[in-house]
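Below is one structure, written out as structure tokens; comments come after it.
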Amino acid sequence: MLHKAIFYVIGFILVAGINAHSYQPVRDSFAKHMTTTEQKHRIPKGLLSAISKVESGRYHKRHRKIISWPWVIHAEGEGQFFRTKQEAVAAVRALKAKGIKNIDVGLMQVNLLHHPQAFSSLDQAFDPQKNIEYAARFLTDLKKKHASWSNAIAHYHSALPQHHIPYRDKVDRMWREEKKKSAGNWVERDYFRFTDD
């Protein structure tokens, strides 16, 4: 999430081996939690979903859309998607055993090196609700610090403009796609104009 090149490229990336039926209850659960978390922290509608799809999204061939996946890690320039939470936790433990500390985890790719107090355990780090909640708090802190949602989104990824400007643009495009899919349920002032008035 922070101080690294983004591993997700918006495009048609296949979700190999992910069972759509087993995924559905998980997705419904954290999709609802994203909405309530946005309301709780006064985050513009759909922003958490857009960020999560840029951070942990993959193209789902069967459903023909990008989905966020909760059991994702990114380390040493490589993103990995796992079928289960247990597999993701085991993969992080294996990386840590090799001395690797710079690891992004979960739906919103919270970096364990830069956010060592974010979670009490790896099990919690891969809990979709806990992961989303921490990411939301971090994002709102960035908004307070940098004075706008635009800057907050950019700094969610990196403090360096060469990294955070392209990232912000990816989130912009994703948020616009989210708006199209949810037409009629959006309030225009909540949409992606990066203004705070």
**Item:** Worked check of side chain to side chain contact (heavy atoms under 4.5 Å, CB included) between Asp127 and Phe119
**Value:** CA-CA 10 Å; Asp127 179 304; Phe119 309 109; over 6 Å; no
**Request:** Tell me, with the steps shown, if Val72 and Phe82 meet side chain to side chain contact (heavy atoms under 4.5 Å, CB included).
**Result:** CA-CA 6 Å; Val72 181; Phe82 299 92; over 6 Å; no
**Request:** For the pair Lys53 and Ile67, evaluate side chain to side chain contact (heavy atoms under 4.5 Å, CB included) and give the outcome as yes or no after the intermediate values.
**Result:** CA-CA 6 Å; Lys53 286 179 179 178; Ile67 59 171; 5.9 Å; no
**Asked** Yes or no on salt bridge (Lys or Arg N to Asp or Glu O under 4.0 Å) for Asp172 and Arg176, after CA distance, side-chain angles and deciding distance?
**Response** CA-CA 6 Å; Asp172 182 8; Arg176 290 174 188 275; 2.7 Å; yes
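With a 4.5 Å cut-off on side-chain heavy atoms, Ile100 and Glu76 count as touching. At least one side-chain heavy atom of His74 sits under 4.5 Å from a side-chain heavy atom of Gln109. Contact annotation: the side chain of Leu107 never approaches that of Trp69 to less than 4.5 Å [non-hydrogen atoms, C-beta and beyond]. Considering only heavy atoms from C-beta on, Val92 comes within 4.5 Å of Leu112 through its side chain. With a 4.5 Å cut-off on side-chain heavy atoms, Lys85 and Asp123 count as touching. Between Trp149 and Thr140 the shortest side-chain heavy-atom distance falls below 4.5 Å. For the pair Asn111 and Ile103, the minimum side-chain heavy-atom distance is 4.5 Å or more. Taking the side chain as every heavy atom from C-beta outward, His115 and Phe138 approach each other to under 4.5 Å.
Separation of atoms CD (Glu87) and CD (Gln80) is listed at 11.0 Å; rounding is to 0.5 Å. Note that OH of Tyr156 and CG of Leu142 are 9.0 Å apart. Values are rounded to the nearest 0.5 Å. Between Ser56 atom OG and Phe81 atom CZ the span is 6.5 Å, to the nearest 0.5 Å. Atom OG in Ser148 sits 8.0 Å away from atom NZ in Lys143 (nearest 0.5 Å). To the nearest 0.5 Å, the span separating CD1 on Ile132 from NE2 on His41 amounts to 11.0 Å.
For the pair Met34 and Ser52, the tightest heavy-atom approach, listed with the atom from each and the gap, is CE-OG, 3.2 Å. The two atoms that bring Leu122 and Arg93 nearest to each other are CD1-CG, 3.6 Å, heavy atoms only. In terms of heavy-atom proximity, Ser49 sits nearest to Ser68 at O-OG, 4.3 Å. Smallest separation of non-hydrogen atoms from Gly106 and Phe126: N-CE2, 3.7 Å.
For the pair Glu38 (side chain) and Leu47 (backbone), a donor-acceptor distance under 3.5 Å is present. Asp104 places no side-chain N or O within donor-acceptor distance of the main-chain N or O of Ile73, the cut-off being under 3.5 Å. With hydrogens and angles disregarded, a donor-acceptor distance shorter than 3.5 Å links the side chain of Asn131 to the backbone of Ala125.
The existence of a salt bridge linking Asp141 and Lys145 is excluded, since no basic side-chain nitrogen approaches an acidic carboxylate oxygen closer than 4.0 Å.
Remark: the Ser150 side chain and the Arg168 side chain contain an N/O donor-acceptor pair separated by less than 3.5 Å. Side-chain atoms of Glu133 and His33 form no donor-acceptor pair, as typed in the model, at a separation below 3.5 Å. Side-chain atoms of Glu55 and Tyr167 include a donor-acceptor pair closer than 3.5 Å.
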